[in-house]
Amino acid sequence: MIRVRFAPSPTGDLHVGGGRTALFNWLFARKNGGTFILRIEDTDGARNTEEAQRGIVKGLRWLGLDWDEGPEAGGPHGPYFQSQRKAIYDAYLARLEADGRVYTEENGAVRFKFSRTAITVHDLVCGDVTFAPTEEPDMTIRRPDGSYIFHFVNVVDDIEMKMTHVFRGEDHLSNTWKHIDLFNAFGATPPTYAHIPLILNPDGSKMSKRDAGSAIEHSYINEGFLPDAVFNYLAMLGWTPRADKEVLTRQELVQLFDPSEIHSANARFDMHKCQWFNAQFLRAMTPEALLDAARPFMESQGLVIADDAMAAAAVFSVKEKVSLLTEIPAWVHYFFREDYPFEADVSDKLKAKPENSGLLRAVAGVFAGLKEWTEASVHAAIEEAAKGASVKPGALMPLLRAALSGQSRGPGVSTIAHLVGRESTLRRIDRALAEVC
RNA sequence: GACCCCUUCGUCUAGCGGUUAGGACACAUCCCUUUCACGGAUGCGACACGAGUUCGAUUCUCGUAGGGGUCGCCA
């Protein structure tokens with residue numbers, strides 16, 4: 001039975017690197033019917049807060065990385081907060097003491113005596129990596145105040161929680177021999193390691209907090225990304241599935257996942273490509289799903305949605321024009337209000353020719369006489385009005401678009417008119433004639 | 001400084017001794033088109049360097065350079 005874990009320290013917003021580490025663990029567990037565990041490594045009490053932990057949980061939930069054991073999920077190997085496992089660590093320390101593998105310094109810190117033998121890490125990604133007998137000072141595993149250090153609790157918990165595999169960032173590779181030394185001291189078999197490459201900034205520097213695109217909530221949730229798109233992009237940063245396409249669902253990625261295909265070279269983060277994935281998923285959504293996703297961003301911009309069906313159609317009509325949900329309000333705001341501003345180039349266009357007002361009145365006249373108000377009938381009416389005025393529909397469309405939306409770009413003109421309805425369409429034309437032309 | 005990992009278009013990558021070195025993003029041009037987009041087509045663009053092994057190296061080995069990481073009483 002495969003058991004893997006994601007073991008973050010609660011530092012606030014989930015970092016993309018951490019998110020991807022969690023993602024690979026999750027992928028491996030789901031692919032093999034294993035168990036995915038969330039363990040909070042909060043041994044450094046000074047800087048770990050409950051609020052910081054909420055950020056981690058929120059980020060994981062948003063990415064859809066559900067855990068089988070851990071905070072809120074429970075499980076037979078808890079507690080899943082290291083700050084609550086002191087008795088277990090004390091017991092393990094006692095074993096080391098009994099075996100003469102530790103010693104206490106004058107100030108009370110406890111150190112683990114390295115075996116000082118060559119140690120080989122068998123890594124799924126990096127292959128066998130052998131470290132020569134170390135010359136480093138013995139490692140501190142307990143502070144004078146009785147709290148324990150990462151390397152120790154990490155190993156103890158991996159033993160206690162029966163981890164079979166450990167997927168973690170490559171920044172841990174250089175320390176892994178210390179962990180194996182500890183596993184050996186406890187007579188335990190180390191898990192199989194897989195050190196995944198790091199995510200770098202576009203300039204090649206290490207990506208850390210504050211760098212663009214580094215925080216799940218701040219850079220993705222709030223910026224209008226879709227979880228599936230970020231999931232897809234992150235999975236393919238350092239791993240290439242054997243598929244003939246790049247846009248893949250969560251289920252497909254689970255099916256395709258193979259840790260031996262994970263690259264060993266670091267990858268630079270490309271926000272452009274991440275947005276491209278987002279655009280792909282956006283376009284594949286149904287009108288209803290798209291509205292659900294866009295609603296908070298629309299409401300935060302003050303748009304009042306009174307009619308869900310109309311709103312869904314409006315949002316759907318601009319879906320291939322945006323790549324982020326945050327861009328949607330600017331493309332659809334006029335569907336939800338009649339006091340939209342006329343952009344500068346739009347009013348210039350309307351004022352440019354004196355005959356424009358006559359053309360708009362002519363269209364309004366035809367609209368007023370229509371028996372039914374469908375997208376097709378509206379479209380036919382516009383063509384009829386153009387014919388009556390001896391101009392091409394292509395000359396009339398931009399004017400109507402300007403009047404109905406205040407913008408020079410957007411979905412089809414007949415789509416706009418149809419969705420806002422006949423009454424609103426006529427009011428909009430009147431307003432444009434009164435205020436602009 | 002020591003040790004570890006890494007090195008194909010600007011970016012993500014395919015390649016696992018013989019290829020016109022393929023794809024995606026980005027960029028450029030064209031087509032489509034009532035706008036903005038989408039879509040389609042085309043173009044631009046890479047094997048870090050030096051030895052060696054080999055009939056033949058992007059591919060194997062070694063070295064150099066460059067990038068990243070670790071060496072905490074942080075995780």
Side-chain angles (χ1 to χ4, degrees), chain A residues 7-11 18 40-44 46-48 82 105 107-111 121 123 125-127 129-132 134-137 139-151 153-154 168-178 195 197-207 233 236-242 244-247 263-277 279-280 283 317-323 327 331 345-346 349 379 382-383 386 392-402 405 407-416:
Chain A
S9 67
T11 53
I40 305 296
E41 307 220 329
D42 54 352
T43 52
D44 186 9
R47 49 179 224 186
N48 290 315
Q82 292 186 328
E105 307 216 288
N107 65 7
V110 177
R111 286 182 185 265
V121 179
D123 194 279
V125 174
C126 305
V129 182
T130 299
F131 294 83
T134 187
E135 291 176 19
E136 284 182 32
M139 147 172 91
T140 305
I141 58 177
R142 197 184 72 168
R143 304 183 183 92
D145 69 1
S147 63
Y148 290 90
I149 302 298
F150 161 74
H151 301 292
V153 294
N154 188 268
R168 51 161 43 158
E170 195 229 70
D171 50 339
H172 288 289
L173 181 58
S174 296
N175 282 326
T176 300
W177 65 267
K178 299 176 184 174
H195 286 92
L198 268 23
I199 299 179
L200 270 26
N201 287 313
D203 68 359
S205 62
K206 183 187 182 184
M207 181 183 269
Y233 177 67
M236 299 187 63
L237 206 53
W239 170 52
T240 307
R242 297 203 168 278
D244 54 5
K245 56 180 179 175
E246 288 190 85
V247 178
H263 311 149
S264 43
N266 293 165
R268 299 185 191 209
F269 188 87
D270 183 355
M271 187 56 87
H272 264 300
K273 186 134 190 187
C274 191
Q275 291 189 9
W276 176 79
F277 272 104
Q280 301 308 305
R283 285 169 203 151
S317 75
V318 301
K319 74 176 192 302
E320 67 287 316
K321 303 177 192 303
V322 302
S323 55
E327 299 169 39
W331 282 89
D345 61 322
V346 166
K349 172 104 181 167
H379 194 79
I382 296 170
E383 292 189 324
K392 290 178 180 176
L396 186 48
M397 293 287 188
L399 301 178
L400 201 48
R401 171 187 302 287
S405 71
Q407 297 186 161
S408 57
R409 60 209 159 80
V413 172
S414 40
T415 301
I416 298 173

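In what follows, chains are A, B, ... by sequence order, proteins preceding strands, each numbered from 1.
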Can you check the distance between [N] and [M], where both ends of the measurement are the [atom1] atom (answer in whole Å)?
{"N": "B:G52", "M": "B:G68", "atom1": "C1'", "value": "28 Å"}
{"N": "B:G50", "M": "B:G10", "atom1": "C1'", "value": "26 Å"}
{"N": "B:G39", "M": "B:C32", "atom1": "C1'", "value": "8 Å"}
{"N": "B:G43", "M": "B:U7", "atom1": "C1'", "value": "28 Å"}
{"N": "B:U59", "M": "B:U19", "atom1": "P", "value": "13 Å"}
{"N": "B:U35", "M": "B:A41", "atom1": "C1'", "value": "23 Å"}
{"N": "B:U34", "M": "B:A24", "atom1": "P", "value": "29 Å"}

Worksheet item: Does NZ belonging to A:K321 count more than 12 external heavy atoms closer than 6.0 Å?
Response: yes
Fill in: Lys/Arg N to Asp/Glu carboxylate O, A:K273 vs A:E246, below 4.0 Å
yes
Under the 3.5 Å rule, do the base of [N] and the side chain of [X] count as making a donor-acceptor pair?
{"X": "A:D145", "N": "B:C73", "answer": "no"}
{"X": "A:K245", "N": "B:A24", "answer": "no"}
{"X": "A:T140", "N": "B:G72", "answer": "no"}
{"X": "A:R401", "N": "B:U34", "answer": "yes"}

Worksheet entry | Distance, rounded to the nearest Å, where A:D171 contributes CG and B:C71 contributes C1' | 13 Å
Discussion item. Can you measure A:F131 atom CZ to B:G69 atom P for me and round it to whole angstrom units?
Written reply: 16 Å
Worksheet, complete the sentence: The answer to which of A:E320 and A:H263 contacts RNA chain B further toward the 5' end, by nearest nucleotide, is A:H263
Worksheet item: Given B:C74, is OP1 or OP2 found less than 4.0 Å from the side-chain N or O atoms of A:T43?
Response: no
Discussion item. For a quick check of understanding: with a heavy-atom distance under 4.0 Å over all strands, which category does A:G108 fall into, base, sugar-phosphate or nothing?
Written reply: nothing
Discussion item. Any base atoms under 4.0 Å from A:H195, or only sugar-phosphate, or nothing? Heavy atoms, all strands.
Written reply: nothing
Discussion item. Is a donor from one side chain sitting under 3.5 angstrom from an acceptor on the other, for A:S147 and A:R143?
Written reply: yes
Worksheet item: Between A:H195 and A:T176, do the side chains contain an N or O donor and an N or O acceptor separated by less than 3.5 Å?
Response: yes
Practice prompt. With the side chain of A:K178 defined as its heavy atoms from C-beta on, choose the nearest nucleotide among B:U34, B:C71, B:A75.
Written response: B:C71
Worksheet item: Does B:C30 fall in syn (glycosidic angle within 90° of 0) or anti?
Response: anti
Item to complete: Please confirm whether A:F277 and A:H272 have ring centers closer than 6.0 angstrom.
Response: no
